[in-house]
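The structure appears right after this line, and notes come after that.
One-based numbering, in listed order, for ligands and for the atoms of each.
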Amino acid sequence: MTGEKSTEPLEAPPLQPAPPCTLVIFGATGDLTKRKLFPALYNLASASLLPAELAVVGVGRYEMSSEALRERLKADLESFATGTPDAARSAWLLERLSYVGGEIGDGATYVRLREALDRVEAERGTRGNVLFYLAIPPDLFDDTIHHLAAAGLIEETGRWRRVVIEKPFGHDLDSARELNRQILEVLREQQIYRIDHYLGKETVQNIMAFRFANGIFEPIWNRRYIDHVQITVAETVGVEQRGDYYEKSGALRDMVQNHMFQLLAFTAMEPPISFAADVVRDERVKVLYAVRPLSHEDVLHQTVRGQYGPGLIDGHEVPGYRAEKNVAPASAVETFAALKLYVDNWRWADVPFYLRTGKRLPRRVTEIAIQFKRAPFQLFRGTAVEHLSSNLLVLHIQPDEGITLHFQAKVPGPDMHLGKVKMSFAYADAFGQRPSTGYETLLYDAMTGDSTLFHRSDMVEAGWSVVAPILDVWQALTPRDFPSYAASTWGPAAADELLQKDGRRWRTL
Ligand code: BG6
């Protein structure tokens, strides 16, 4: 880590464009398509990572022409692309786009889809390869996949057929198991790409590079040197227009079971023996299996939930959660969750992992803070330096991507005085800023058949198993203190107490 500005990427063969294929987007007129998927495709096109033989087929329930969808997504691209889109490049993408209208539950839709796929295969030379992207409500996943199967659209002879499934994958352990069972009736696990957009974030992938491409960190990455780990995913936004969804979800399901557990898994996993998808996924899932199960009693002591009330953000009044659109006036749904977990294995025994996430917190920040133990011998005892603070390594996931190491240094002068200093590496300084929605890597990987950064069925189920007792207890006990934090504060007081009783505190961010 240096403050130098220029960084030479290590020699690596340039990435090849993905193989010829058709991307079918179910939910083509929805929010995800316009905000993330289409801008991500545009960025991939700009990086020359899409095949010349690409077709994109949007499926939606409205009747509209392909031309109308093109117009719509063209306008959306102007709003949601990073920077002004290049006209020639967006034209390249738009001319590959067509539309099929129809209800998802209606077999006739799939007949039309098959005709469209045959047509684009002949026109564009997509070789029959298709990536189906289900950007639709979760209760439609199973039905859609079975319709695809019934229409013969997921058979793979001489071509590949893959399905990307958005979150949430089930709403508890039983429903996730059931969904896995249903879709595995017709798909092979290798055809399924359960997406978690956190894994598309460069800095999340960098956790592996940082740990396993550098020799100096791994030897101290364990219980001998690490006191505890804090993982924070803080958002300033409220639930916005998603009250409907959020009322059925809450922070634990929305953020912890998926995104935060993946951050935990990357931080705590053992070095894989290769970067083959299943080898890396095996190591990640082992972390989740090793999380010490919480008893119902533990849930009372090791977890905290909260809900935001009204407050001031940048001088403007914002409503409390219960006053948001489509939210019950006495809702017991949590918008904040904090947990203390242990990973019971040789590396991590007795090292607490504290996780917190919430909406309407004062800053948007996602980070993993590794708090090291104090120096073993207080050499500076009796000097001006009474309280040595210990080393801290922070992996900044967003928005200021980078890594910071905090340590002590002697303050210049005749006496022994120590000051806190840090060494920082900022992605933007070292590599420059690249436009990214987080979906580029994931779309490219799904097209090239690399499932490393996707959830496997066992991972999803392991995540649900960890949160199952928390869901049980939270469901059984109605929170009495909701709303328990004002908007733009760091969550309920109980979250601070969770660490205070262990003699620790959350990092001030
Ligand atoms: C989504 C959640 O998965 O992640 C949202 O459903 C949340 O509630 C979002 O706001 C956060 O993503 P990011 O990339 O902005 O941290």
[X] heavy atoms, cut-off 4.0 Å: which ligand 1 atoms fall inside?
{"X": "Lys359", "value": "5 (C), 7 (C), 8 (O), 10 (O)"}
{"X": "Asp254", "value": "2 (C), 5 (C), 6 (O), 8 (O)"}
{"X": "Arg242", "value": "2 (C), 5 (C), 6 (O), 8 (O)"}

Which protein non-hydrogen atom lies closest to [atom], naming both residue and atom, and how far is it?
{"atom": "atom 14 (O) of ligand 1", "result": "Lys201 NZ, 2.6 Å"}
{"atom": "atom 9 (C) of ligand 1", "result": "Glu235 OE2, 4.0 Å"}
{"atom": "atom 15 (O) of ligand 1", "result": "Arg364 NH2, 3.3 Å"}

Is the charged tip of Arg194 near the ring of Phe454: under 6.0 Å from the six-membered ring centre and within 45° of its axis?
-> no

Examine Arg356 relative to Trp490 and say whether NZ or CZ is less than 6.0 Å from the centre of the six-membered ring and inside a 45° cone about the ring axis.
-> yes

Is a salt bridge present between Arg504 and Asp227, judged by a nitrogen-to-oxygen distance below 4.0 Å?
-> yes

Name of the residue among Phe210, Phe212, Phe372 meeting ring-ring contact (aromatic ring centres under 6.0 Å, His included) with Phe217 | Phe210

Going by the salt bridge (charged side-chain N to carboxylate O under 4.0 Å, His left out) test, which pairs reach into residues 238-264, not counting sequence neighbours?
-> Lys167-Asp254

Heavy-atom gap Tyr198 to ligand 1 smaller than 4.0 Å | yes

Any Thr366 heavy atom less than 4.0 Å to ligand 1 | no

Hey, would you say the His455 and Phe169 ring centroids sit under 6.0 Å apart?
-> no

Give the single entry among His197, Lys167, Lys36, His259 that approaches atom 12 (O) of ligand 1 most closely by any heavy atom.
-> His197

Tyr246 N/O to ligand 1 N/O under 3.5 Å | no

Is there a donor-acceptor pair closer than 3.5 Å between any side-chain N or O of Thr267 and the backbone N or O of Leu263?
-> yes

